[in-house]
Structures are given as structure tokens and as C-alpha cells.
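Notes to accompany the following structure.
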Amino acid sequence: MAVTSKLLQKPLQCTASALHRNRGGKFDHADRLFQSIESTYRNCLTNTSDVKELIPEFFYMPEFLVNSNSYHLGVKQDGEPIGDVGLPPWAKGSPEEFIRRNREALESEYVSSNLHHWIDLVFGYKQRGKPAVEAANIFYYLTYEGAVDLETMEDDLQRAAIEDQIANFGQTPIQIFRKKHPRRGPPIPIAHPLYFAPDSISLTSIVCNASQYSSAILYVGLMDSNIVLVNEGLNLSVKMWLTTQLQSGGNFTFSGSQDPFFGVGSDILSPRKIGIPVPENVELGAQCFATMQTPSENFLISCGNWENSFQVISLTDGRMVQSIRQHKDVVSCVAVTSDGSVLATGSYDTTVMVWEVFRGKTTEKRNRNSQSELPRKNYVIVETPCHILCGHDDIITCLHVNHELDIIISGSKDGTCVFHTLREGRYVRSLRHPSGSPITKLVVSQRGQIVIYADDDLSLHLYSINGKYLASSESNGRLNAVQLSRCGEFLVGSGDQGQIVVRSMSTLEVVKKYQGVGKVMTSLAVTPEECFLAGTKDGSLLVYSIENPQIRKTSHNKNIKPKLN
């Protein structure tokens, strides 16, 4: 379940019982409020008049279970005051753990394979009539659609009473289906090898760079089955990423007679020089590059040059399509939303600029309304930023921009991460590194988990999107690249130790280590199939993929869990 922009709004900083109010906008009696998962669960099982449904916050927002603002919610008859919601023992007192496991259960294969039964009860044929009686799925008659016609009711007192009944006790959903809902089809055999069978992934090939441009690979990106590589000499190349694909839908799987195969194919774009000379005080890295997909073409965004500009480079032929200079100092990092509609840049001038990308047919309309005298037909990015964001006291070192979360997070050399909303550019909050070290890397999951890393103390720190500190872990060496797995459950890092380390995104615990060949890894990409592409200091590309055919057997066992080293 994806996290929505609700996370960036001011969270409901009280217990879920605050949601249960009596008529008149006041809290109900303390003993009737939602105060404990266990007591509420038991009451629903024993009291036929107590019917509850889990609101979406149960699967993504742990803050609603905590009375952070210390509201006075009353005292129960036994003298116990109402505060935080009581959690089950397996949650270990952590609202975050409770939400994580609750979501994991909701998204499990068991729930998916039995979802049609729930649909029958709530929206289907078991909602009314004899099937509803046999399933003990009967509710008060006023909760059903069409039970009363309020428009024709002449008694105002009775009408008000019925409206209050409906408003305070809810309604049964509209019946949509009259027949049994079919069961969901069988799952794709291999969806998340990192989750179900991490041991099946290994180093399968090494692509050596024998060209005259051989140097450390600073950036590895993947777009439309193409591998985008940029090395230390600012040479761009594009290679083909060869995979075994499912014929319909493009999802990843293996047939019974087909061995899994992944590999790096031939050059789609041969190595060529890009960019402008870099100042001596600028250290190029993956943060200086980003790929961007538009309806018409794919591009590479490059920055870090002495002109204080960033460039838009075509991945078709390597030509520079656009160069934009608005920052007052060197552009130090770039980031693009997953849909390619928004670009963000950070600079040595301590500001972050947000840029809109021309999209499809809207380009022509905007071009006609543009006040600029320059022709716009070849332009990709609107040259005037839609937001200029401030709040840092030093160089912007890393960025994350996310349309679905409506968030842009910037990390700085001053040791802070600043949050702004993407649409409005409104300041939300700031995080500070526990030791004040300069922020080097920043990773944000779709569920609002934030990991920051600093070279100075070689540590990883995990926060919630609402600023709560959750966990920390030593990196045991300098990390040159940190990426999120495509499933969002794992943090994948590589660096000077020459190995790839996979950690849980929820706890930062090490799940698996993949050894290299003694080469320092300078860049990293995680493919949609959860293979790893690691660039090295000597210009080689390491490919970690599924090679063991036994994965076809083990992947069907849904009880397989990642092993902790």
C-alpha cells in the first residue's frame, strides 16, 4: 500500500480514540474510547453490537496510535487514564513495528488468495438476503442503502433521529456484486527474490571497460531496459540490459523450460564526452546525474560544472539539448520524480530549485503562452524554476523528490535535512544528523522511511517522514552508493569494502552481504528484477543476478524469509 501525501500533513498527534467522538464534538466516555488493540479485538468477538473497521491509518501511519500532544482523554472506571493505544506483545511497544506487520499481513499471499471472500461479505452477494443470514452478516436495517427515504419523511424529529443514527453508526456499502466473486489468479513465481530467496542472487558477470576512456564509473542508471553509465572522465555510454521477461505485462518470471538469464548487451550509444570542465573543489558523484523519461525521449541530467548550470543530454545521440543557468554557484546535485514530470537541483549557493518538465501536448500550449523570445520547440525543462527553496547554511549535497508523497527533501553539508512540499514549496520540518556531520547520502522509500548517511561518522540513521528517529547502524566502511530496492523493503549499499550489503529498510539490520572481487565500488543500481549493477573504480561493471535454477522451486514457498548474517 503506497503512502499518500497525507503523511506530510500535520499528523493526528493523539490516540485513535480521538477519532471516536460523541455527538456535539466531544470525546466519548473514557471506557468507550479506542484504547487497546487487544480489548477492542476481544469486544468485537464477544459483543454483537460492536462492529469496527480498520481505517487506512492502520497500515501506514503509526503516529495516530500515540497521544503525542498529551490530550486529556479521560480516566476509566478502574482509575487508569487514557493515553497511547495499547499494542499487542508482538509489536514490542513500537507503533512502527505494529503498522509494518499489519501492512505485511494485509499484503500477504494468504490475504490476496482469500480476498474474494471479504468482497462477497462487504460488496457482494453475502451482503443481503439468505446468504447474509447464513454468513451471520446482518446489521441494523438503517445501515442499508434504500432502507428509508429521508426525502419523503414528514416527521422532522424522526428524520433528525435517523440522520443522527446514520451519521454516528455508519452505513453498509452499496451492494455491487450479485454473484460470487472469483478468486485471484496464481501469483507470479518470482516477484521479489530479495525477499523470498536472497541466496539465489550472486555475482554472475564482470563487464570490463577496455576503451581509452576507462576510469571510475560514477553513475549507473537503468531506463527502458538500457543501462546508462557515466565515468569519472564525463564519458556517457548506454548499453542494453538483457532480461527474461514475461510476455504479457512485462513482469519478471521464468518458464519451466527456460533458464534465468540476465546480462549486459552491446552498446546502444558508444562512449562520448559530455558536460563542461569541473572546478577543482567539486567532487563528482552519482548525485550529479539523473535519468529523466519524457513521452518523446529519454534524457540524462548532468551538473557540477564551472558555469553554475545543469545540462539536459539526449540518451539517443548524446547531444546536449538544453543548458540552464539560474543558480548563483555550482549546481551540486540533481533529482527527478519517478514520472519525470519534476526536476530538482541543489547548489553550492545553499538553495534548492524546482523545475517543471514539459509533458506531451501541454508543451505546445505553454510555448504559445511563453513570454520568452527564444524558440521553445526543442526545450525540455521550463527555464524559470517554479520554487526556490531555502533553509540550509551550506552546500546542498543530496536531494530526493517524490510526487506521490508531495515532498522534496534536501541534505546539506551543514548536517541538516530540510523538508518542503513539492506542489506548494511550503516548509514542513527539518532533521539534524545526530552528530551534526555533513549529510552525504539520502534515501526515501514510498512509505515515508528516510535514511541518511554521513561519510564523517560512517553511520546510517533511519527516520520516519514525520521526523521520528527510528534506528541507526554502522556502515562498517565508506559507502559510495546507497539505493532502495524496487520493492521498497531493502536498503542496498556498496563502497570501499568491495561488497554489496543489503539491509532491512525498517530496522537497518543486515539481511545479506554479496562479496565482490576486491574492487572498490563507486556506483550502484538496482534493477526492477532486483539484480544489482555495481560500477567500480577501475571502470568495470559487476552484475549480480539470479543464476541458480532452484529459485523456481524455492520461490513458491512463501514462508522463505531473508536470512540475517
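Since this is a predicted model, take the numbers as computed values, not measurements.
Side chains of Gln311 and Ser309: a donor-acceptor N/O pair is present below 3.5 angstrom, by distance only.
Taken to the nearest 0.5 Å, the OG atom of Ser523 stands 7.5 Å off from the CG atom of Leu541. Put simply, CG on Leu491 and CG on Leu460 are 6.0 Å apart, with the number rounded to the nearest 0.5 Å. Atom CG of Leu284 sits about 11.0 Å away from atom OG of Ser332, to the nearest 0.5 Å. Atom CG of Leu218 sits about 7.0 Å away from atom CG of Asn231, to the nearest 0.5 Å. Atom CG of Leu194 is separated from atom CD1 of Ile201 by 4.0 Å, given to the nearest 0.5 angstrom. Between the OG atom in Ser302 and the CZ atom in Phe289 there is a gap of 4.5 Å [rounded to 0.5 Å].
Counting heavy-atom neighbours within 6.0 Å of Lys413 NZ, excluding the residue itself, gives a total of 12 or less.
Residues in residues 390-401 take part in these side-chain hydrogen bond (donor to acceptor under 3.5 Å, both in side chains) pairs, two or more places apart or across chains: His392-Ser410, His392-Thr416. Sorted by first and then second residue, the salt bridge (Lys or Arg N to Asp or Glu O under 4.0 Å) pairs involving residues 292-305 (not counting sequence neighbours) form an empty list. Listed by first then second residue, pairs satisfying ring-ring contact (aromatic ring centres under 6.0 Å, His included) with a partner in residues 298-345 read Phe310-Trp355, not counting sequence neighbours.
At least one donor-acceptor pair under 3.5 Å links the side chain of Asp406 to the backbone N or O of Leu422. Checked by atom type and distance alone, the side chain of Asn69 never pairs as donor or acceptor with a backbone atom of Tyr71 at under 3.5 Å. In this structure, Thr421 contributes its side chain and Arg423 its backbone to no donor-acceptor pair below 3.5 Å. The main-chain N or O of Val380 is found under 3.5 Å from a side-chain atom of Gln322 such that the two form a donor-acceptor pair. Thr522 places a side-chain N or O within donor-acceptor distance of the main-chain N or O of Ile217, the cut-off being under 3.5 Å. Checking side-chain atoms of Tyr453 against main-chain N and O of Asn480 turns up no donor-acceptor pair under 3.5 Å. Looking at Ser475, its side chain does come within 3.5 Å of a backbone N or O of Leu458 through a donor-acceptor pair. Judged by distance alone, the side chain of Asp496 and the main-chain N or O of Val520 form no donor-acceptor pair under 3.5 Å. Of the possible polar contacts, none joining the Arg103 side chain to the Tyr60 backbone as a donor-acceptor pair under 3.5 Å is found. In this structure, the side chain of Glu404 does not engage the main chain of Gln446 through any donor-acceptor pair within 3.5 Å.
Considering only heavy atoms from C-beta on, Val517 comes within 4.5 Å of Leu203 through its side chain. The closest side-chain heavy-atom distance from Asn466 to Arg429 is below 4.5 Å. With a 4.5 Å cut-off on side-chain heavy atoms, Ile274 and Leu300 count as touching. Considering only heavy atoms from C-beta on, Val278 stays 4.5 Å or farther from Asn305 through its side chain. Here the side chains of Leu533 and Leu222 are in contact, with some heavy-atom distance below 4.5 Å.
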Do any side-chain atoms of residues 434-442 form donor-acceptor pairs under 3.5 angstrom with protein atoms, and if so which ones, sequence neighbours left out?
residue: Ser435; atom: OG; partner: His433; partner atom: ND1; Å: 3.0
residue: Ser435; atom: OG; partner: Ser437; partner atom: OG; Å: 2.9
residue: Thr440; atom: OG1; partner: Asp455; partner atom: N; Å: 3.0

Worked verdict on Asp414 versus Ser412 for side-chain hydrogen bond (donor to acceptor under 3.5 Å, both in side chains): CA-CA 5 Å; Asp414 62 12; Ser412 171; 3.1 Å; yes

Verdict with reasoning, Val264 to Val543, per side chain to side chain contact (heavy atoms under 4.5 Å, CB included): CA-CA 8 Å; Val264 179; Val543 180; 3.7 Å; yes

Walk me through whether Phe98 and Val85 qualify under side chain to side chain contact (heavy atoms under 4.5 Å, CB included). CA-CA 11 Å; Phe98 173 80; Val85 173; over 6 Å; no

Evaluate the criterion side chain to side chain contact (heavy atoms under 4.5 Å, CB included) for residue pair Phe419 and Leu431; output intermediate values, then yes/no. CA-CA 8 Å; Phe419 296 55; Leu431 292 179; 3.7 Å; yes

Between Ser545 and Thr204, is a side-chain hydrogen bond (donor to acceptor under 3.5 Å, both in side chains) present by the stated rule, with each step listed? CA-CA 6 Å; Ser545 62; Thr204 54; 2.9 Å; yes

Given Ile324 and Thr345, is the side chain to side chain contact (heavy atoms under 4.5 Å, CB included) satisfied, shown in steps? CA-CA 11 Å; Ile324 299 177; Thr345 57; over 6 Å; no

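Annotation: ring pair (Phe, Tyr, Trp, His ring centres under 6.0 Å) contacts of Tyr514 (sequence neighbours excluded): Phe532. Partners of Glu424 according to the salt bridge (charged side-chain N to carboxylate O under 4.0 Å, His left out) rule, which considers only residues two or more places apart in sequence or in another chain, are Arg426. For Glu96, the side-chain hydrogen bond (donor to acceptor under 3.5 Å, both in side chains) partners two or more places apart in sequence, or in a different chain, are Ser94, Lys468. The salt bridge (charged side-chain N to carboxylate O under 4.0 Å, His left out) search around Glu283 returns Arg478, not counting sequence neighbours. Residues forming a side-chain contact (heavy atoms from CB on, under 4.5 Å) with Ala534 (at least two apart in sequence, or on another chain): Ile500, Met521, Leu524, Leu542. Applying the side-chain hydrogen bond (donor to acceptor under 3.5 Å, both in side chains) rule to Asn102 yields no partners; only residues at least two apart in sequence or on another chain are considered. Annotation: side-chain hydrogen bond (donor to acceptor under 3.5 Å, both in side chains) contacts of Ser473 (sequence neighbours excluded): Arg503. Asn298 is linked by a side-chain hydrogen bond (donor to acceptor under 3.5 Å, both in side chains) to Asp224, counting only residues two or more places apart in sequence or in another chain.
What you find for Asp339 and Ser341 is that their closest heavy atoms are OD1-OG, 2.8 Å. Closest approach of Leu269 to Leu315, counting heavy atoms only: CD2-O, 4.0 Å. Annotation for Asn226 and Met240: closest pair OD1-CA, 4.4 Å, computed over non-hydrogen atoms. Across every non-hydrogen atom of His420 and Gly425, the tightest pair is CD2-O, 3.8 Å. The heavy-atom pair separating Ala344 from Ile408 by the smallest distance is CB-CD1, 3.5 Å. A pairwise comparison of heavy atoms in Ser464 and Glu63 identifies OG-OE2, 3.7 Å as the closest pair.
A salt bridge is defined here as a Lys NZ or Arg NE, NH1 or NH2 lying under 4.0 Å from an Asp or Glu carboxylate O, and Lys512 with Glu530 fails to meet this definition. Salt bridge annotation for Asp317-Arg272: absent, with no cationic side-chain nitrogen under 4.0 angstrom from a carboxylate oxygen. We find that Arg100 and Glu489 are not joined by a salt bridge, their nearest charged nitrogen and carboxylate oxygen being 4.0 Å or further apart.
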